[in-house]
Amino acid sequence: MAEQELPGVLILDIGGTQGVLANHVALLKKHFCLITMKEFLANKKEMSKKIQSVFVFECRPTIDRELLESLPNLKVIANSGVGVDHLDVKMISSFGVKVTNTPQAVADSTADIGMALMLASARRLVEDTEHFAVDWLGVEVTGATLGIIGMGSIGYKVAQRAKAFEMKILYHNRNRREEEQAVGAHYCEKMDDLLQQSDFVVLVVNLSPETHKLIGKRELGLMKPTATLINISRGAVIDQDALVEALQKKVIRAAALDVTYPEPLPRDHPLLKLDNIIITPHIGTATVQAIHMMAEEAITNMLAVLNGQPIPSELLAH
Ligand SMILES: O=C(O)C(=O)CO
């Protein structure tokens, strides 16, 4: 098929690294005529009619009303990544445009980062050796109690991994999950119960008005002084000021965060001055395999919308 016959996809800010860009571009090119933001802005009149899909790389760019108004043939915005807190799904849906994400593609790599952070914090893998020389005892993950807040596809993958570590698994979720039995997870209807009982608490919820600052001073105060808080969801799920205070006063043992707000943190941020914290730069999906699968899942979603077929991962406006 000639390139001009393929449906047009506007690609928005495909992340930072050339590796990501090349991988996504190669896959997208098989099915779409690629239009960059630069090309779109240079020739809006012609390009706007061609564009039927927008491909968004993870949580970086947002889509505003003005862009939507300028794309009369737009049918789908495909987010590459699971979190869509950067997109106003309700507003986008009001234009008759579908929004999709990639929950399957990100689940393993993000769960791995959760486990990596838990182990690194528990066994103090990234502390400087000078400090380590005087105080080197970590804590065991094996047999400890893990509290998972948010049991979606990533939370469940964390539970599967934790089972292999013989952890006692508690979870809190909007709904009880049938799969809990397969991983031996116990449902805590009240998040407070989970916070009080867990040695490690991992946050895997979507960011929404309900989960914004879900973990604040009160919740940190409920946790054991020996407990560790791990965040692989979105930074704003934690009240960061409260976390700084809790870590300074040793209200909890430690924290390990793959996500913060903002990202990255300013160099003088108080979280960066603590020694009982590990911070990684939002690398939940930063693997060759995940990036590839995310593009594939996003493409499947886009093609389903354009071909009028059932959409595997559609997000509905609430
Ligand atoms: O998929 C996402 O939205 C992520 O942030 C994974 O880390």
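Both ligands and their constituent atoms are indexed starting at 1 by order of listing.
Looking at K217 and D239, no side-chain N of the basic residue comes within less than 4.0 Å of a carboxylate O on the acidic one, giving no salt bridge. Between K157 and D112 there is no salt bridge, since no side-chain N of the basic residue sits under 4.0 Å from a carboxylate O of the acidic one.
Residue-to-ligand polar distances keep V106 apart from ligand 1: every N/O pair is separated by 3.5 Å or more. By the 3.5 Å distance cut-off applied to N or O atoms, I232 is not counted among the residues near ligand 1. By the 3.5 Å distance cut-off applied to N or O atoms, H282 is counted among the residues near ligand 1.
Scanning both residues, C188 and H172, for their nearest heavy atoms gives O-ND1, 2.9 Å. Considering every non-hydrogen atom in both L27 and A295, the closest pair reads CD1-CB, 3.6 Å.
Shown in contact with R234 at under 4.0 Å from a heavy atom are these atoms of ligand 1, numbered in order with element: 2 (C), 3 (O), 4 (C), 5 (O).
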